[in-house]
Amino acid sequence: MNNFKDFWNQYKGAIIGVVIAILILITGLDKLILAIVVLFLGAFIGNYVQRNKEDVKSKLKKFIDKM
């Protein structure tokens with residue numbers, strides 16, 4: 001019994017993470033989570049480009065010139 005307690009205390013976070021991941025995959029929430037992540041990523045990139053227009057333009061021009 002002591003070995004099980006030691007195992008549980010050492011790997012508790014990993015076990016809980018695996019159970020949550022299995023529940024997300026079974027219920028199909030992975031598609032929703034991916035959509036939310038893509039939305040936030042798009043908003044972050046759009047905000048960055050809007051605030052740093054000249055810097056982004058020069059970086060894109062250098063990148064295109066290298067190609």
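These numbers were taken from a predicted model, which means no experiment stands behind them. Quick note: residue numbers are just sequence positions, from 1.
- Within the 3.5 Å criterion, the main-chain N or O of K5 finds a donor-acceptor partner in the side chain of N9.
- I45 places a side-chain heavy atom less than 4.5 Å from the side chain of L41.
- When hydrophobic clusters are built by joining Ile, Leu, Val, Met, Phe, Trp and Tyr residues whose side-chain heavy atoms come closer than 4.5 Å, directly or via intermediates, F40 is not grouped with L34.
- Using cut-offs of 30° and 60° for the angle between ring planes, the F44 and Y48 rings count as parallel.
- A chain of hydrophobic side-chain contacts below 4.5 Å, direct or via other Ile, Leu, Val, Met, Phe, Trp or Tyr residues, connects Y11 to W8.
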Contacts under 3.5 angstrom, residues 60-67 side chains, donor-acceptor by atom type, not counting sequence neighbours:
none

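- One hydrophobic cluster holds both L29 and I16 under the rule that ILVMFWY side chains link at heavy-atom gaps under 4.5 Å.
- Here the CD-CG distance, from E54 to N52, works out to 10.0 Å after rounding to the nearest 0.5 Å.
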Which pairs of donor and acceptor atoms, one on a side chain in residues 18-25, lie under 3.5 Å apart (sequence neighbours left out)?
none

